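Have a look at the structure below, then the notes.
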Amino acid sequence: MNITDYNRCVDDHADGLYRFLLKNIKDKELARDLVQESFMKLWEKRKEVEHKKSKSYLFTTGYHTMIDFIRKNNRIVSYDTVEYSEESHNKGYSDLKEILNEAVEKLPVDQKSVVLLRDYEGYSYKEIAKITNLTESQVKVYIYRARLFLKKYIGSPDMVV
């Protein structure tokens, strides 16, 4: 990858990477720092990374950088510690997006990441497996469990409206 390709990569993928990281960690400054660190790592490896694979490299690097940060700060939440019921959204919300965002925030980090990569960023199972260093089967299981949790959290559509 040359300098022009790198600059094009920054223009094309910085916003998407920022949104992905922000959706996961909910801290604008930290998300910016992680994006910066990801691009710094790409710059250091620019001679080894093809321009066609730069997006995948960035999301993989951003994901691992985020996980490292979370582990260092002991913010990983166990799936067993998440409490929910059939009607966990009894706060009187009428906005489904707000309820869904609240539910996504309650997911464990790994499940949250794979759901965001799949449903928000549009990656395939194979691409997500590569980014997260999981097998395709693990990715499918995490997505299934996350969606099951989201379905139970949200409850029936009649309760939302």
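All values derive from a computational prediction rather than experimental measurement.
- Within a 6.0 Å sphere centred on NZ of Lys26, other residues, nucleotides and ligands contribute more than 12 heavy atoms.
- Taking the side chain as every heavy atom from C-beta outward, Met1 and Leu42 approach each other to under 4.5 Å.
- Shown here for Lys23 and Asn101, the closest heavy-atom pair between the two residues is NZ-OD1, 2.9 Å.
- Note on Arg8 versus Asp5: salt bridge recorded, some NZ/NE/NH1/NH2 to OD/OE distance being below 4.0 Å.
- Counting all heavy atoms, side chain and backbone alike, Gly62 lies closest to Leu17 at CA-CD1, 4.3 Å.
- For the pair Glu121 and Leu116, the minimum side-chain heavy-atom distance is 4.5 Å or more.
- Residues Val114 and Tyr120 share a hydrophobic cluster, clusters being chains of Ile/Leu/Val/Met/Phe/Trp/Tyr side chains in contact below 4.5 Å.
- Applying side-chain contact (heavy atoms from CB on, under 4.5 Å) to Val139 and the options Thr132, Asp110, Leu117, Ile131 leaves one that passes, Thr132.
- Classified by interplanar angle (parallel below 30°, tilted 30° to 60°, perpendicular above 60°), the ring pair Phe20/Tyr63 is tilted.
- Of all heavy-atom pairs spanning Ala31 and Ile25, the tightest one is N-CD1, 3.6 Å.
- Scored by the side-chain hydrogen bond (donor to acceptor under 3.5 Å, both in side chains) test, Asp12 finds no partners at all (sequence neighbours excluded).
- Side chain to side chain, Thr65 and Lys41 meet the donor-acceptor criterion of an N or O pair below 3.5 Å.
- In terms of hydrophobic clustering, with Ile, Leu, Val, Met, Phe, Trp and Tyr side chains grouped at heavy-atom distances under 4.5 Å, Phe59 and Trp43 are assigned to a common cluster.
- Closest non-hydrogen pair, Gln111 versus Leu107, comes out as OE1-CD2, 3.7 Å.
- By the rule that hydrophobic residues join a cluster once side-chain heavy atoms approach within less than 4.5 Å of another member, Ile3 and Met40 end up as members of separate clusters.
- No salt bridge links Lys130 with Glu127; every basic N to acidic carboxylate O contact stays at or beyond 4.0 Å.
- By the rule that hydrophobic residues join a cluster once side-chain heavy atoms approach within less than 4.5 Å of another member, Val109 and Val115 end up as members of separate clusters.
- Lys106 forms no cation-pi arrangement with Phe149, by the criterion of a distance under 6.0 Å to the ring centre and an angle within 45° of the ring axis.
- His51 approaches Cys9 most closely through the heavy-atom pair CE1-N, 4.2 Å.
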